[in-house]
Structures are given as C-alpha cells and as structure tokens.
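What follows is a set of notes on a single structure, which appears directly below.
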Amino acid sequence: MANTILVGAQWGDEGKGKIIDFLTEHADIVVRSQGGNNAGHTVIHGSKKYVLHLIPSGILRAKKTCVIGNGVVIDPVALVGEIDGLRERGVKVSAKNLVISDCAHLVLPYHRALDEQREITKGRNKIGTTKRGIGPAYGDKAARTGLRMGDLMQPALFSEKLKAKMQENNAILKALGAKTISYKSVNEEYLRAAEALQPFVANTVVFLHEALKNGREILFEGAQGTFLDIDHGTYPYVTSSNTTAGGACTGSGVPPHRMDRVLGVMKAYTTRVGEGPFPTEDAAVSDRLHAMGREFGATTGRARRCGWFDAVATRYATMVNGIDELAVTNLDGLDQVETIRVCTHYKLGGKKLEVPPTDHLQLAECEPVYIEMPGWMSSTEEAREFGDLPAKARAYLGKIAELTGAALRIASVGPGRDQTIVV
Ligand code: GDP
Ligand code: IMO
Ligand code: MG
C-alpha cells in the first residue's frame with residue numbers, strides 16, 4: 001500500500017473508522033490531521049466495540065504507530081480520558097505507538113462554553129454542533145490567539161497565557177449571559193493532563209518525514225466528511241477544519257507529492273447529523289434504518305438524518321478530493337429495500353444541475369431527480385467476495401461508482417473487520 005489519504009465523501013460517519021482499521025493491516029503509520037473529538041469513529045472487533053474520537057483508529061492494531069498531527073484541535077482532558085479508556089480495555093497506548101504534535105491547538109473549557117452559547121443564541125438557525133468547542137478553538141487558531149500543545153508542555157508559560165485567555169473569554173461569556181469559568185480549576189486540570197501527555201508530544205512533522213525516508217507507509221485518517229469542510233461544505237452548516245484531501249497535507253506537514261492515492265469512503269445511502277441542507281433526505285429511509293437500530297451518532301448519540309444515495313454530492317466530492325478509489329459501506333442497510341433510489345442530478349428553478357450549488361439556501365431548494373434500481377431483497381452480510389453478492393447488489397454498486405466517477409475498491413457489508421470485500 002502506498003501513502004493513502006482516506007476522506008469521508010458525504011457528511012461524516014461514512015464508516016471511516018471501520019475502513020481505516022481494515023486498511024491499517026498494510027500501513028505502518030496512521031495520522032489524524034484535522035478535527036477534534038467531534039469525531040466518533042467506530043471499530044468493531046468481534047463482540048467489542050471501540051469508538052475513537054481523537055486517537056487514530058489504527059491504535060487497535062499492535063505494532064502500528066498513530067500520530068495526532070498539527071492540524072488537529074486537542075482537548076487534553078478528553079484525550080487522557082480516551083487513552084485511559086483504551087488501556088482499561090487492554091489496548092496498548094504508549095509513546096511507542098502514539099505521537100502527538102506540539103503544534104496542535106488546544107480546546108479549552110471556554111471554547112466548549114462558547115460553542116454551546118452560540119448555538120443557543122442562534123436558536124432555530126443553529127448548526128447542531130457536537131458542542132465540543134471545535135469552532136471556537138479553530139477560531140482562536142486563525143486569530144492567532146490560541147494555545148498549543150507546546151505551550152501546555154511549559155507549565156509556567158501555559159498558566160500565564162491561560163490566565164489572559166480566561167479573562168478575555170470570561171468577559172465574553174458574561175456578556176452573552178453564560179456562566180464564567182474558574183481559572184484555578186482549569187489550570188490545575190490541564191496541568192494534570194499535561195503531565196500524562198508529556199511523553200507523547202513531539203515534532204510530528206520531523207517524525208513523519210523520517211518515517212517516509214525509511215520507506216514507511218502512511219494512512220491519513222480523515223475526520224468528518226467533504227460536505228462538512230469549512231471551505232467546500234454546506235457553509236455555515238459545516239465544521240471548522242478542512243476535511244477534504246488537502247487537509248491531510250496542511251494538517252500533517254507531509255507535502256502533496258508524497259501522497260499516492262485518495263480513497264473516498266461513502267455509505268450506500270446518505271446520512272447527516274446536525275442541521276443544514278440535505279437534498280436526498282427521506283423520512284421513510286430514516287425510519288427504516290432507525291428501526292433496524294442503526295444510524296445513531298457515535299459521539300452525541302443523536303439520530304442521524306437519512307436519505308438516498310446522492311451522486312451529485314459524491315461526484316463533487318470526487319472532484320474536490322481527487323478521489324481515485326471508493327469504499328462503499330453499509331450496503332447491507334439496503335438489503336430489504338424493494339426499489340432503491342439514486343439521485344443523479346438536481347432541479348432548481350426548472351434548471352438541471354450537475355453540481356451542488358455553493359449557497360446553502362439554494363441547495364436546500366434543490367429537488368433531487370432519481371433513477372430507480374431494483375433491490376436484491378436478500379442478506380449481503382455473509383458475502384466475502386464480490387462474486388458472493390447478489391447480481392442486483394453488484395449492479396447497484398457499479399452504478400453508484402459510475403455516477404461518482406471513481407473505481408470501486410471496497411464494499412462493506414457489516415461493521416465487522418471480516419465483513420469487507422476487496423473488489
Ligand atoms: P465514521 O465516523 O466515518 O468512522 O463512522 P461512524 O463510526 O460514526 O459510523 C458508521 C457506523 O456504521 C458505525 O456504527 C459502524 O460500526 C457502522 N458500519 C460501518 N460499515 C458498516 C457496514 O458495512 N455495515 C453495517 N451494518 N455497519 C457498518
Ligand atoms: P466523524 O469523523 C458527522 C457535524 C455536527 C454539526 C457540524 C459542526 O465521526 O465523521 P462541530 O462540533 O464540528 O462544530 O459540528 O458538523 N459533525 C459531524 N457529523 N460525523 C462527524 O465526525 C462530525 N463532526 C462534526 O453534527 O452538524
Ligand atoms: Mg462518526
């Protein structure tokens with residue numbers, strides 16, 4: 001396997017965690033390069049379920065190294081909790097298999113409070129964030145007023161910088177009518193986390209370039225999805241980082257010419273959690289999947305909105321990310337659907353659209369135009385080879401790959417590692 005960027009091609013929760021875990025068998029290093037603990041990546045091993053938020057999903061394979069790159073925003077207390085949680089379940093996490101960038105920005109309690117308060121203020125126009133403080137933390141980074149892991153590693157400097165930031169943010173919180181936060185307790189809590197994280201912190205850019213020099217193969221684990229990208233998504237109903245392929249370079253310090261392929265992960269249908277336009281949303285599809293106990297958020301537990309496969313969106317995702325290959329997950333979610341719909345283009349004001357409008361209000365007005373395909377009406381969960389799939393399921397996969405404009409490489413028919421078909 002060469003150096004691979006794995007991205008979500010829809011609105012997040014495409015099954016990236018499962019595919020990363022599968023692909024890590026052939027990689028040496030797995031790198032997260034953007035997002036924070038808003039992500040929830042599920043990996044199922046037999047009867048054990050792991051949900052990773054900040055730590056790359058490669059951590060579950062012993063002997064692989066995981067890196068949290070400079071582009072990630074880290075809540076240090078949450079990260080220590082995640083490390084402890086994994087250790088309690090027997091997963092080895094040490095400075096030998098986890099390296100954290102000293103340039104990654106910190107998420108602080110006032111970021112979370114501001115995230116929550118801004119959502120309250122927005123009322124019915126809220127984004128539906130995960131309330132993990134992601135937007136305000138990236139906001140501080142862009143404003144050049146953020147605190148980084150490197151600061152946290154220098155207690156006196158950190159405390160001093162934190163004090164100034166707390167004064168500023170408590171004034172803002174007060175003005176917004178929200179509760180203020182105690183400097184003393186945040187300082188103590190964060191310095192405790194600093195001690196636990198100290199062995200992991202390094203210059204990850206140098207680490208990754210050394211690894212490349214030594215012929216190591218790297219898998220870049222995207223978080224969120226293309227349409228949650230701060231530039232290319234359904235702004236303002238997006239997250240605050242570049243979730244598309246370019247984010248893997250800026251968020252890790254590995255340059256574009258070292259990247260060999262881009263793998264886009266997408267569900268065989270579409271889901272979205274949080275607010276914002278979703279042209280192919282369909283109440284009957286949501287009801288069906290929720291009744292099967294599926295499509296509840298891995299981070300917040302919220303029910304995901306569900307709908308038909310949207311090839312207008314995935315075609316755009318292929319273009320923006322440079323997707324070469326596709327992993328289509330959750331094919332089994334359509335096992336009992338008699339007639340499956342696929343959106344091939346949109347209609348807006350009598351015009352046919354081949355690409356999604358960039359304006360979210362216009363996107364919300366778009367009417368999806370569907371083709372229909374016959375369902376296969378049988379279980380695919382036991383299929384292990386492409387040939388094991390019913391002919392109608394193969395035709396469906398072929399059609400969505402053709403409409404998306406990339407080669408089908410992986411089909412997933414269940415959450416387990418073995419329920420993965422390499423095409
Ligand atoms: P991620 O954020 O992209 O890693 O995706 P999530 O973990 O948030 O959500 C994907 C959900 O689908 C998880 O519950 C996975 O265990 C599950 N999953 C992934 N692939 C498949 C599949 O092919 N079939 C089924 N039934 N579940 C899958
Ligand atoms: P993974 O990596 C799905 C959504 C939120 C909200 C918007 C902004 O598991 O695919 P934020 O908290 O980032 O400011 O919220 O983005 N969102 C996700 N949706 N999967 C995710 O991550 C998400 N991370 C954020 O629901 O709509
Ligand atoms: Mg998720």
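For ligands, and for the atoms within them, numbers begin at 1 and follow the listed sequence.
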Give yes if a backbone or side-chain nitrogen or oxygen of Glu275 is under 3.5 Å from a nitrogen or oxygen of ligand 2, and no if not.
-> no

Min N/O separation Ile134 to ligand 2 under 3.5 Å | no

Verdict with reasoning, Phe296 to His290, per ring pair (Phe, Tyr, Trp, His ring centres under 6.0 Å) = CA-CA 8 Å; Phe296 294 92; His290 293 152; 5.0 Å; yes

Would you check whether Ala223 has a nitrogen or oxygen atom less than 3.5 angstrom from a nitrogen or oxygen atom of ligand 2?
-> no

Do any N/O atoms on Asp115 end up under 3.5 angstrom from N/O atoms on ligand 2?
-> no

Among side-chain atoms of Asn242 and Thr250, is any donor-acceptor pair under 3.5 angstrom?
-> no

Have a look at ligand 1 and work out which part of Thr299, if any, has a heavy atom under 4.0 Å from it: side chain, backbone, both or neither.
-> neither

Note: Lys18, heavy atoms under 4.0 Å from ligand 1, region reported as side chain

Could you check which N/O/S atom of Asp13 is closest to the Mg ion (ligand 3)?
-> OD1

Per atom 4 (C) of ligand 2, closest listed option by heavy atom (Val73, Leu228, Thr239) | Leu228

Of the side chain and backbone of Lys267, name the one, both, or neither that has a heavy atom under 4.0 Å from an atom of ligand 1.
-> neither

Ligand 2 and Asn38, any nitrogen or oxygen pair closer than 3.5 angstrom?
-> yes

Distance from atom 5 (C) of ligand 2 to nearest protein heavy atom, with residue and atom = Gly128 O, 3.5 Å

Purely on distance, is any nitrogen or oxygen of Thr129 under 3.5 Å from one on ligand 2?
-> no

Just let me know how Pro415 lines up against ligand 1, side chain, backbone, both or neither, with a heavy-atom cut-off below 4.0 Å.
-> both

Have a look at ligand 1 and work out which part of Arg294, if any, has a heavy atom under 4.0 Å from it: side chain, backbone, both or neither.
-> side chain

May I ask whether Gly414 places a heavy atom under 4.0 Å from ligand 1?
-> yes

Atom 2 (O) of ligand 2: closest protein heavy atom, distance to 0.1 Å, is His41 NE2, 2.6 Å

Check Tyr237 against ligand 2 and report side chain, backbone, both or neither, counting heavy atoms closer than 4.0 Å.
-> neither

Atom 7 (C) of ligand 2: closest protein heavy atom, distance to 0.1 Å, is Val238 O, 3.9 Å

Note the single closest protein heavy atom to atom 10 (O) of ligand 2, along with its residue, its atom name and the distance in Å.
-> Lys16 NZ, 2.7 Å

Under 4.0 Å from ligand 1, counting heavy atoms only, is it the side chain of Thr42, its backbone, both or neither?
-> both

Minimum heavy-atom distance Gly35-Tyr138, with the two atoms named = N-OH, 2.8 Å

So is there a nitrogen or oxygen of Glu14 less than 3.5 Å from a nitrogen or oxygen in ligand 2?
-> no

Give yes or no for whether the N/O distance cutoff of 3.5 Å, strictly under, is met between Ser240 and ligand 2.
-> no

Under 3.5 Å: donor-acceptor pair, side chain of Asn187, backbone of Tyr183 = no

